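Beneath this line is the structure, given in structure tokens, with notes to follow.
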There are 2 protein chains.
Amino acid sequence: MYKALFDHIEKFITLETSDIDKLESCLEISKIRKKEHVLEEGQICNTMYFVVKGCMRQYIINAKGTEQTLQFGIENWWITDYLSYHNHVPSSFYLQAVENSEVIAIDKNVLESLLIEIPNLERYFRIITQKSFGAMQMRIKFLFTMSAEERYHHFNDHFPDFVQRVPQYMLASYLDFSAEFMSKIRAGKV
Amino acid sequence: MYKALFDHIEKFITLETSDIDKLESCLEISKIRKKEHVLEEGQICNTMYFVVKGCMRQYIINAKGTEQTLQFGIENWWITDYLSYHNHVPSSFYLQAVENSEVIAIDKNVLESLLIEIPNLERYFRIITQKSFGAMQMRIKFLFTMSAEERYHHFNDHFPDFVQRVPQYMLASYLDFSAEFMSKIRAGKV
DNA sequence: TCAAAAACTTGAACTACTTCAAGAAATCAA
DNA sequence: TTGATTTCTTGAAGTAGTTCAAGTTTTTGA
């Protein structure tokens, strides 16, 4: 059940059996129904979520009242609002399930003590966060250098299955263009 | 000399004296002249840079041959290409000094062994990377929700001194609009 | 299984930006 | 101190996208 997480951790470090037990005793799986929120704007985010199954997203509601997806989190990704988490300030974001999902939620206080007890786990989080940061640097590059149509095709080429999984309007906003424009790109009307 | 870095580290964790010595023996300050590169596109990035003095930037050259700044790193920031660093693949970016700068360069192999020896240092990097990731999430939010003019004023309100430090065209591309448009915003001609 | 809700499509009008080209101002290096 | 380089400005023309509104299709849930 927690296997997905342990498998993911073992890709980067090796845990002692005692540490596995220690960690396991702190974990709890929860099921999040499609459209359910685990964080809403204004709340303080005290939890990190590891997606075991399904898909979560981070989004905002912009000045026009439209939702804009800033980030997706699928299987084997961690998702949280790191700024609210670390600075203990109200979040600017919503965290919501896009599909019925299963996540491992781990509370900040629990996690921070665990990390002090298990230095190797600290290492795991350092590595995956640095890698995510690298992915984000590439994302900024793509946003800055590609046209809307190029971003769509690029994403579609790299993640064809994922494109099928989420509503088009969510993907459109993630790629930073309107849902209507997405429709026209797909129809070849641009 | 390395004080800036030790001061920064001590904001997040406490190092044993022996660890301070160990770390110090691995550090080396280098001076980077304005416009000098520490990384060029296509090279593999094996170094992390801590800016002691001055300003560095990460940029690309786009399809039209124009430079686009993706990231600045000023005093007390780490800067590197995390994707190239972790995946050992050629970098998509340039890393260059915007001003005459002093940086502490630390080699990947040296750092990775140090991190294993000093778990607390692992913790330091985990925390600062997560915080940087949080800042990046906010940056995406601003890019997605604000107009060019709003982005300029928002940045100018929050970092008035920094705006004076870098050429306008670099800041314009960092905020994702053209240098010419920046000129018009500043002249109130939009 | 069917009504309601959610998601997608389409075209027309609009606009926030880019591009280009040329000149002016500021900074740099010898 | 001056010529060369870099940076900034300006206006005119163009365009990659948005917005709106209405209709269609698909999915959902009782």
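Residue numbering restarts at 1 for every chain, and letters A, B, ... go by the order of the sequence lines. All heavy atoms count here, side chains included; hydrogens, waters and symmetry mates do not. On a predicted model such as this, the values are computed, not experimentally measured, just so you know.
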Exercise for review: Return the orientation label for the A:Y2 and A:F6 ring planes: parallel under 30°, perpendicular over 60°, tilted otherwise.
Suggested key: perpendicular
Study note, to complete from the structure: Rounded to whole Å, CD of A:E180 lies from C1' of C:dT9 at a distance of 9 Å
Review point. Rounding to a whole Å, what distance do you find between B:K189:NZ and C:dT15:C1'?
Key: 20 Å
Review point. What's the OH-P distance between B:Y152 and D:dC8, to the nearest Å?
Key: 11 Å
Practice item. Let me know the distance between CD of B:E149 and C1' of C:dC17, rounded to the nearest Å. Key: 12 Å
Review point. Centres of the A:F177 and A:Y152 rings: under 6.0 Å?
Key: no
Check your understanding: Expressed in angstrom and rounded to an integer, what is the separation of B:M146 atom CE from C:dC17 atom C1'?
Key -> 18 Å
**Study point:** A:R126 to A:F12, cation-pi by 6.0 Å centre distance and 45° axis angle
**Key:** no
**Study point:** Closest to side chain of B:A148, choosing from C:dC17, C:dT10, C:dA6
**Key:** C:dC17
Exercise for review: Could you tell me whether B:E24 atom CD has more than 12 heavy atoms of other residues or ligands within 6.0 Å of it?
Suggested key: yes
Point to revise | Interatomic distance where CE belongs to A:M182 and P belongs to C:dA6 [whole Å] | key: 20 Å
Restricting both atoms to N or O, compile the protein contacts to nucleotides 27-29 of chain D shorter than 3.5 Å, with distance only.
from, atom 1, to, atom 2, distance (Å)
D:dT28, OP1, A:K34, NZ, 3.3

Exercise for review: Mind running a 4.0 Å heavy-atom check of residues 154-178 of chain A against DNA chain D and sending the residues that fall below it, in number order?
Suggested key: A:F177, A:S178
Exercise for review: Could you check whether the rings of A:Y82 and B:F133 sit parallel, tilted or perpendicular, using 30° and 60° as the cut-offs?
Suggested key: perpendicular
Point to revise | Spacing between B:I185 atom CD1 and D:dT9 atom P, to the nearest angstrom | key: 12 Å
Review point. Under 4.0 Å between a side-chain N/O of A:K64 and OP1 or OP2 of D:dT19, yes or no?
Key: yes
Exercise for review: Check the angle between the aromatic planes of A:Y59 and A:H37 and answer parallel, tilted or perpendicular using the 30° and 60° thresholds.
Suggested key: tilted
Exercise for review: Tell whether A:K184 reaches the base of D:dG17 with its side chain through a donor-acceptor pair below 3.5 angstrom.
Suggested key: no
Study note, to complete from the structure: Taken to the nearest whole Å, CZ/B:R186 to C1'/D:dT7 is 11 Å
Revision key, fill the gap. Which of A:K3, A:R33, A:K31 passes salt bridge (Lys or Arg N to Asp or Glu O under 4.0 Å) with A:E102? It is A:K31
**Study point:** 5' priority, DNA chain D, between B:A179 and A:S147 [closest heavy atom]
**Key:** B:A179
Practice item. Report yes or no: do B:N87 and A:K131 form a side-chain donor-acceptor pair below 3.5 Å? Key: yes
Check your understanding: Under 30°, 30 to 60°, or over 60°: which ring-plane class applies to B:H8 and B:Y124, parallel, tilted or perpendicular?
Key -> perpendicular
